[in-house]
Amino acid sequence: MDTKYIFVTGGVVSSLGKGIISASLAKLLQARGYNVTIQKFDPYINIDPGTLNPYEHGECYVTVDGHEADLDLGHYERFTNIRTTRANNITTGRIYQNVINKERRGDYLGKTVQIIPHITDEIKRNVKLLGTKNEFDFVITEIGGTVGDIESLPFLESVRQLKWELGKNCLCIHLTYVPFIAAAKEVKTKPTQHSVKQLQEVGIQPDILVLRTEHELNNDIRRKVALFCNVAPEAVIQSIDVPSIYEVPLKMQQQKLDEIVLTKTGMTLGATPELKPWKEFLARVKNAKESVRIGLVGKYVELQDAYKSIDEALFQAATYNDRKLDLQLIHSEKLNESNVEEMLSSMDGLLIAPGFGQRGIEGKFTAIKYAREHDVPTFGICLGMQCMVIEFARNVLGYADANSTEMEVSTKHNVIDLMESQKSVSNMGGTMRLGEYDCVLNPDSKTAKAYQSTHIKERHRHRFEFNSDYRAEFEAAGMKCVGENPETHLVEVIEIPSLSWFIGVQYHPEYNSTVLRPNPLFLDFIKAVIKNKK
């Protein structure tokens with residue numbers, strides 16, 4: 001059976017939720033027994049988002065094979081439990097890099113290298129690579145950006161060619177915005193009409209329209225859009241704002257998005273899936289009465305998507321513990337000894353966020369000291385774990401100048417140091433310790449009890465590590481190193497057993513947390529917070 005290719009494009013404005021629509025459709029097709037994957041094409045020239053500041057692009061997500069990827073891949077994994085790889089996220093930069101490398105090798109036999117056909121052929125090769133290598137029934141490709149952007153044009157030209165080449169094995173879903181004009185008290189379809197017209201100008205006729213809206217759209221509006229945009233009325237679907245992104249698959253199922261896709265691609269419909277575990281999760285979200293207040297201490301808290309995977313992992317863990325998540329974002333730059341009591345005393349638990357660089361670091365130390373001395377359940381991730389180590393060295397071991405060589409190159413007590421394998425690295429992009437690694441846990445540790453296993457695999461993204469020269473001193477003073485990599489003996493997990501729940505991990509457990517398979521460490525953290533609160 002031929003692989004079917006679905007393209008998801010966006011119009012009018014960015015950030016309409018193409019990733020959520022793509023993930024929701026994948027979830028629905030998967031529930032019908034089809035083998036599905038999703039990929040994201042980003043039109044920027046960075047090779048990957050690894051070198052991008054979170055202010056530019058939100059969180060950087062890491063795949064199992066160590067690729068730094070767009071945060072939408074996190075949505076894909078959370079919705080579908082599909083493990084993504086390097087092949088699921090391609091940027092313009094990567095496309096051009098591949099083409100230039102081929103040109104330098106002489107692969108084009110002296111021809112003039114041009115956007116068409118060479119760049120578009122490389123894009124098409126990457127689109128089809130997933131389908132041909134892995135025997136997927138459906139490959140959903142989300143095209144980043146908005147129709148009309150100069151950057152997206154080569155991608156859209158490739159979609160046009162593929163629609164022509166693949167026939168009924170290919171369709172295009174176009175997501176647009178239908179604004180509500182408050183003064184006129186009506187919704188306006190003109191931006192959608194213009195957006196579809198722009199798509200038609202580059203030679204693509206959308207097969208399905210998904211209209212993002214804050215207000216219910218009546219049948220007249222949908223018929224009008226269908227008429228002006230050459231789309232069948234039943235293939236005009238609304239995506240109205242919902243309290244949780246996890247409700248979107250059910251909204252799409254109610255409007256038969258998956259059935260329309262299957263019919264248009266000539267696939268068997270079969271019975272409508274019940275999505276029982278998914279609905280049970282949403283029922284728990286709705287039925288949770290009590291809340292749990294978690295303070296997330298970080299330096300990017302004013303940015304909605306900076307800690308996206310952590311936010312979602314905490315939300316999932318709270319839901320499975322039958323609690324609402326009351327997430328308080330605490331800016332580490334604004335936290336100091338004089339206001340720490342006022343800012344943290346109402347928190348049930350603290351999460352010390354990952355990150356890079358000096359800014360806001362002292363505020364993290366202040367938060368950790370307060371949490372350690374007041375026995376507030378605390379979870380440190382990556383740099384958060386390193387900050388726990390530095391704070392302990394300063395205030396328990398008595399090394400007032402203890403630091404990481406990332407912050408203070410000449411520190412005498414480098415309790416956190418650059419990894420040996422990183423010392424010869426000069427390039428910034430894609431050179432960290434990235435991807436999934438093994439970790440062996442001490443069987444008596446809280447961490448092993450949370451995982452119910454002594455052997456785990458988690459994803460990493462770091463250059464600096466716990467300096468094992470200090471290990472004996474830390475352990476003697478009460479901070480135990482309870483998880484390490486079996487090959488390098490790199491310390492991956494620290495905890496203070498005398499406290500109710502005080503655990504730091506060098507890896508990123510949030511990347512491994514999905515709606516139907518929440519990460520055990522997040523579940524245990526929330527459980528401990530609830531117990532401590534009582």
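The analysis underlying the following values was restricted to heavy atoms, covering all of them including side chains, and did not include hydrogens, waters or symmetry mates.
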Query - Plane angle bin for Tyr399 and Tyr470 - parallel if under 30°, tilted between 30 and 60°, otherwise perpendicular - result: perpendicular
Requested in this report: Assign the ring pair His460 / Tyr437 to parallel, tilted or perpendicular, where the plane angle (0 to 90°) is split at 30° and 60°.
Outcome: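 Because their plane-to-plane angle is over 60°, the rings of His460 and Tyr437 count as perpendicular.
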Side-chain donor-acceptor contact under 3.5 Å, [X] with [Y]:
X: Tyr61; Y: Arg459; value: yes
X: Asn467; Y: Glu465; value: no
X: Arg359; Y: Ser332; value: no
X: Asn414; Y: Thr411; value: no

Query raised in the report: Less than 6.0 Å separating the ring centroids of Phe502 and Phe379?
Result: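 That pair fails the under 6.0 Å test.
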Distance-only, no hydrogens or angles: does the [X] side chain make a donor-acceptor pair with backbone N or O of [Y] under 3.5 Å?
X: Glu142; Y: Ser22; value: no
X: Ser24; Y: Ile20; value: yes
X: Asn126; Y: Glu122; value: yes
X: Glu495; Y: Thr447; value: yes
X: Asp70; Y: Asp72; value: yes
X: Glu484; Y: Leu441; value: no
X: Asp305; Y: Lys308; value: no
X: Lys449; Y: Asp444; value: yes
X: Arg293; Y: Asp348; value: no
X: Ser239; Y: Val210; value: no

With a 4.0 Å cut-off on N to O distance, would you call [X] and [Y] a salt bridge?
X: Asp322; Y: Lys289; answer: no
X: Glu492; Y: Arg433; answer: yes
X: Arg471; Y: Asp469; answer: no
X: Glu77; Y: Arg83; answer: no

What's the shortest heavy-atom distance between [X] and [Y], and which atoms?
X: Ala477; Y: Val396; result: CB-CG1, 4.2 Å
X: Pro518; Y: Leu523; result: CG-CD1, 3.8 Å
X: Ile47; Y: Gly93; result: CD1-O, 3.5 Å
X: Cys382; Y: Pro354; result: CB-CB, 3.8 Å
X: Ala353; Y: Leu296; result: CB-CD2, 3.9 Å
X: Glu59; Y: Ala306; result: CB-O, 3.4 Å

Report task. Please test Val62 against His508 for side-chain contact (heavy atoms from CB on, under 4.5 Å), starting from the C-alpha separation and ending with a verdict. Result -> CA-CA 9 Å; Val62 177; His508 288 265; over 6 Å; no
**Report entry** Derivation of the side-chain hydrogen bond (donor to acceptor under 3.5 Å, both in side chains) call for Asn512 and Glu510
**Finding:** CA-CA 5 Å; Asn512 242 344; Glu510 69 273 20; over 6 Å; no
Requested in this report: For side-chain hydrogen bond (donor to acceptor under 3.5 Å, both in side chains), just list the numbers for Asp524 and Trp501, CA-CA rounded to whole Å, side-chain angles, deciding distance to a tenth of an Å, and then say yes or no.
Outcome: CA-CA 9 Å; Asp524 200 62; Trp501 206 98; 2.8 Å; yes
Would you give the length of the straight line joining atom [atom1] of [X] to atom [atom2] of [Y], rounded to the nearest 0.5 angstrom?
X: Leu418; Y: Ser404; atom1: CG; atom2: OG; answer: 8.5 Å
X: Leu351; Y: Ile526; atom1: CG; atom2: CD1; answer: 9.0 Å
X: Tyr507; Y: Glu436; atom1: OH; atom2: CD; answer: 12.0 Å
X: Arg284; Y: Arg323; atom1: CZ; atom2: CZ; answer: 11.0 Å
X: Ile310; Y: Asn519; atom1: CD1; atom2: CG; answer: 11.5 Å
X: Thr141; Y: Gln39; atom1: OG1; atom2: CD; answer: 3.5 Å

**Report entry** Residue pairs, two or more places apart or on separate chains, that pass salt bridge (Lys or Arg N to Asp or Glu O under 4.0 Å) and touch residues 383-411
**Finding:**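 Residue pairs with at least one partner in residues 383-411: Glu362-Arg394, Arg372-Glu391.
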Query - Pairs flagged by salt bridge (Lys or Arg N to Asp or Glu O under 4.0 Å) wherever residues 143-156 is involved - sequence neighbours left out - result: none
Quick one: are [X] and [Y] in side-chain contact, heavy atoms under 4.5 Å?
X: Arg461; Y: Cys60; value: yes
X: Phe365; Y: Ile361; value: yes
X: Leu25; Y: Met252; value: no
X: Ile390; Y: Ile416; value: yes
X: Pro249; Y: Phe79; value: yes
X: Tyr177; Y: Pro191; value: no
X: Leu434; Y: Glu68; value: yes
X: Glu475; Y: Cys481; value: yes

Report task. Show your reasoning for whether side-chain contact (heavy atoms from CB on, under 4.5 Å) applies to Ile90 and Asp42. Result -> CA-CA 6 Å; Ile90 310 284; Asp42 275 307; over 6 Å; no
Hey, is [atom1] on [X] packed in by over 12 heavy atoms from elsewhere, all under 6.0 Å?
X: Glu214; atom1: CD; result: yes
X: Lys533; atom1: NZ; result: yes
X: Leu129; atom1: CG; result: yes
X: Glu373; atom1: CD; result: yes
X: Glu341; atom1: CD; result: yes
X: Gln97; atom1: CD; result: yes
X: Lys324; atom1: NZ; result: yes

**Report entry** Pair Asn336-Thr366, side-chain hydrogen bond (donor to acceptor under 3.5 Å, both in side chains): steps then yes or no
**Finding:** CA-CA 6 Å; Asn336 53 52; Thr366 306; over 6 Å; no
Report task. List the steps and the verdict of side-chain hydrogen bond (donor to acceptor under 3.5 Å, both in side chains) for Asn88 and Thr37. Result -> CA-CA 8 Å; Asn88 294 75; Thr37 192; 3.1 Å; yes
